[in-house]
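Working notes, beginning with the structure itself.
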Amino acid sequence: MAKNKSSSKKLISILLIAITAFIASFILMIFKPVQILELKYSDQLFEWRGPLDVSDSSIVLVAISQEADEEILQKYPWPTSIHAKLVENLNRAGARVIAFDVIFDNPDQYDFKNDTLFAEALKKYKNVILAGELQRSITDLSDETSPMFPIPVLTANNPNQVALVRVHPDLDGAVRSYRFGQEYREQNYYRLSLEALRLYANIPYEQIDPIGPNPESDHFALGPYQILKDGANSFLINYYGPEGTFPEVSYEEVIDDSSYTTVFESELGFAVNSFDDPDIGHLNLETFKDKIVIVGATMPLLKDFYATPFANEGNNARPGYQLHANALQTILDSNYIERFRGWYTLMIMLFFCFMITMVNRFLSANFGILISLVMGAGYFGITYWAFIQHNILMVLTGPLLAVTVTQIGMVSYEYYIEQKEKRRIKGMFSSYVSPDLVNQMIESGEEPQLGGEETYMTAFFSYIVSFSTFSEQLEAKELVQVINEYLSAMTDILNDRGGTLDKYIGDAIVAFFGSPVYLEDHAYQACITSQLMHKELERLREKWEKDGRPEIVSNMQHRLGMNTGIMVTGNMGSTRRFNYTIMGDNVNLAARCESGAKQYGVFTMVTESTKEEAEKFGNECLFRQLDHIVVKGRSKPVKVFEIVGLKEDADQQLLDCIGLYEEGLQHYLDQDWDKALSKFNKSGKLEKYVKNPSGIFMQRCEFMKENPPGDEWDGVFIMESK
């Protein structure tokens, strides 16, 4: 009774500490410095990943640069007739879309006719996107939104809708996301990249999602492009590299044709036309042919610069039009960054809190620190791998805070418990023995005796095929019922044949034959057990089908692996807790047989030592050799066999299949690939399952014909995976 009470108190303490640590780490996670640290880590992931290839990009940038301002006769803002010339030359060069990241909200300061020329160019070519913005003004008395759009003569002559260009930085001032647009007076206005792509792909507005929350979809539809949302009105920009990633042309190079004289040309005294020169001009080089051209400012005076994940030299911010380019390329490539769901992150944090609490409480603080370091490093590695390999952005700081806070809390709690226990013991014994002896009792104590011995025995592993799919498709209650029924039936067979259950690992069974009670025919009993388990599973499948279980249950399969050899058996574990179990290289080999069976399409795989040992005590099992392999983690080759079934259950088709297969295997080992292929082709037609050893060796033979292994080849196959 006292023991149950102590266990309950220990469980309650674990729950309280874990929950407290979870709440504390969650609160810390939402602090601004921690959030900024998280953002900086996401930036670092881009640095580790490195730039992506944009050699076939449809985007070219035209920079309103300091160099352009020095070469154009007038100082910026230039006459809008200059922009008309830019539009004309870009269309001469075959540009598909021209998008200005510049708002022409003021009339031309030189001559109103310039605006007319620009408007005529817009009307003529119909492929220009002009920029605008909707400005929100909030006061104590009002909340108003007013448009900052191009002057009326430009909007009236441009057949394309104004595109919004403002970007929205995160807490630290860097821009990592891109909004879809904004609704104003019952009309949807989209961002520059979306408008450019709409025009480029000729997408009607009817095929674009309206601006606003749409909780039913995780994607924003832009015609055929399904943009993965990050928020209700935004997606994450997958930056392709630092400044200079996309091809960039200075503005004056586009307008510098035979009809325009730059400052340099006037000083030089003759023309050097960077646009239409027959040898080096952009027109001849087809720089802009079929491209989306984004025109934006790089002049420091215009202050259109933003911090982004990729740090430029000196950590300089990059021009705003490059943000639009990266957002547009992200959509063109469907190369979206997916944020790991927040609930999953919280579940990981909660798991870390409970796991570290239990390790510290039931094992030791030192072991808890080690596990904390391993879990923290492992999770860090997972976040790195998820982003680099799968474009998944996981939160790092929250789970690491959970690990750190929980470990600190547990060390503090264990110290408190230790001090409390010392005081209790001192209080109990100080009246009977000297204080020095009491301290010695507290500091030393007796340790349980652990140990083991080497035993020649058979290790046995089983595992349900595609168990993760079961977990996904079955409700928890039904999953538990099915697994419990399965494990009960299999364990009964195991025990009836003299096996010892080591442990359950979820749906897996780890067992051994030959210890602790000596069993002379341990390998034979293990082999018979495997086949009885297959029969029992067949009976269970029929029962589950009659019970109306889902198809995945009524089609359940499991794989079994066995190996016989010297293994260490005995009490193993920690000083506080240990189990009677097995360990050693031969145990690992049995586990490899179970997982390796999948590669051959079989359901029971054993080593040669198990086969030979079993055949000393009976011949009820029907074997066929699968391969001569080197499993992952070992250097010594081993022959492996399939237990095809019990001989009493074998029909003529099965016997013919094995006979043809074994003939094919011999030809394979003799490097007579054509004869081997002929035999395997015949045996393959008699195989029970679609994936089968005959098919595997047919593929091998085809490969060997093309890549002869040489005269010294011994038939050994190296298995690269577990």
Side-chain angles (χ1 to χ4, degrees), residues 355 358-359 362-364 366-368 370-371 373-375 378 447-464 467 487 490-491 494-495 497-527 529-530 533 558-598 604-614 629-640 719 721-722:
M355 179 60 70
M358 288 190 291
V359 169
F362 291 107
L363 298 178
S364 69
N366 290 335
F367 197 72
L370 176 62
I371 292 298
L373 292 173
V374 171
M375 292 175 75
E447 297 182 355
Q449 296 298 313
L450 304 178
E453 60 182 3
E454 290 188 340
T455 306
Y456 184 73
M457 55 193 297
T458 299
F460 182 102
F461 284 79
S462 78
Y463 184 80
I464 295 176
F467 179 69
L487 292 176
M490 300 303 138
T491 305
L494 181 74
N495 292 336
R497 304 301 298 193
T500 300
L501 177 67
D502 184 336
K503 63 179 74 72
Y504 300 121
I505 307 176
D507 62 306
I509 298 174
V510 182
F512 45 90
F513 292 76
S515 185
V517 178
Y518 175 70
L519 191 65
E520 185 180 16
D521 60 345
H522 49 82
Y524 173 73
Q525 293 299 335
C527 291
T529 297
S530 69
M533 283 185 172
H558 60 188
R559 288 193 175 93
L560 297 86
M562 285 165 276
N563 179 45
T564 301
I566 298 295
M567 305 168 196
V568 177
T569 179
N571 290 321
M572 301 173 203
S574 69
T575 55
R576 290 186 176 183
R577 183 176 180 179
F578 51 84
N579 291 317
Y580 188 84
T581 186
I582 54 174
M583 64 185 300
D585 184 59
N586 279 312
V587 179
N588 296 334
L589 183 54
R592 295 291 183 270
C593 285
E594 177 273 311
S595 58
K598 179 181 180 180
T604 308
M605 191 164 88
V606 303
T607 60
E608 184 178 31
S609 60
T610 298
K611 173 182 178 292
E612 292 180 346
E613 186 66 22
I629 62 173
V630 175
V631 300
K632 188 173 179 64
R634 299 179 99 240
S635 58
K636 185 177 180 181
V638 60
K639 289 184 179 179
V640 291
M719 188 174 288
S721 59
K722 295 182 179 180

Q: Show your working on side chain to side chain contact (heavy atoms under 4.5 Å, CB included) between Gln525 and Thr458 and close with a plain yes or no.
A: CA-CA 9 Å; Gln525 293 299 335; Thr458 299; over 6 Å; no
With rounding to the nearest 0.5 angstrom, report the [atom1] to [atom2] distance, [X] to [Y].
{"X": "Asp521", "Y": "Arg497", "atom1": "CG", "atom2": "CZ", "answer": "8.5 Å"}
{"X": "Asp502", "Y": "Met583", "atom1": "CG", "atom2": "CE", "answer": "11.5 Å"}
{"X": "Ile509", "Y": "Phe460", "atom1": "CD1", "atom2": "CZ", "answer": "7.0 Å"}
{"X": "Glu453", "Y": "Thr569", "atom1": "CD", "atom2": "OG1", "answer": "7.0 Å"}
{"X": "Met567", "Y": "Thr581", "atom1": "CE", "atom2": "OG1", "answer": "11.5 Å"}
{"X": "Lys636", "Y": "Leu589", "atom1": "NZ", "atom2": "CG", "answer": "10.5 Å"}

(Q) Quick one, Met605 with Glu594, criterion side chain to side chain contact (heavy atoms under 4.5 Å, CB included). Give me CA distance, side-chain angles, the key distance, then yes/no. (A) CA-CA 6 Å; Met605 191 164 88; Glu594 177 273 311; over 6 Å; no
For the student: nearest non-hydrogen atoms of [X] and [Y], plus distance:
{"X": "Leu494", "Y": "Ala511", "answer": "CD2-CB, 3.5 Å"}
{"X": "Ala508", "Y": "Tyr463", "answer": "CB-CD1, 3.8 Å"}
{"X": "Cys527", "Y": "Ser530", "answer": "O-OG, 2.5 Å"}
{"X": "Met533", "Y": "Leu560", "answer": "SD-CD2, 3.7 Å"}
{"X": "Glu520", "Y": "Glu613", "answer": "O-OE2, 4.3 Å"}
{"X": "Gly368", "Y": "Val359", "answer": "CA-CG1, 3.7 Å"}

Hey, are [Y] and [X] close enough side-chain-wise for a donor-acceptor pair under 3.5 Å?
{"X": "Thr610", "Y": "Thr564", "answer": "yes"}
{"X": "Ser462", "Y": "His558", "answer": "no"}
{"X": "Asn563", "Y": "Ser609", "answer": "yes"}

Q: Determine whether the aromatic ring centres of Phe512 and His522 lie less than 6.0 Å apart.
A: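 When the ring centroids of Phe512 and His522 are compared, they turn out to be at least 6.0 Å apart.
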Q) If you count the non-hydrogen atoms of other residues, nucleotides and ligands that lie under 6.0 Å from CZ in Phe367, is the total more than 12? A) no
Q) Is it true that a side-chain atom of Thr500 and a backbone atom of Ser515 form a donor plus acceptor pair closer than 3.5 Å? A)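 At least one qualifying donor-acceptor pair exists.
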Q.
With a 3.5 Å distance limit and no angle check, can you tell me whether Asn586 reaches the backbone of Ile566 through a side-chain donor-acceptor pair?
A.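 Confirmed, Asn586 side chain pairs with Ile566 backbone.
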Q) Is there a side-chain contact between Val640 and Val606, using heavy atoms and a 4.5 Å cut-off? A) no
(Q) Apply side chain to side chain contact (heavy atoms under 4.5 Å, CB included) to residues Phe513 and Met562 and explain how you reach the verdict. (A) CA-CA 10 Å; Phe513 292 76; Met562 285 165 276; over 6 Å; no
(Q) With side chain to side chain contact (heavy atoms under 4.5 Å, CB included) as the criterion, how do Met457 and Ile582 come out once you've worked through the C-alpha distance, each side chain's angles and the decisive distance to 0.1 Å? (A) CA-CA 10 Å; Met457 55 193 297; Ile582 54 174; 3.8 Å; yes
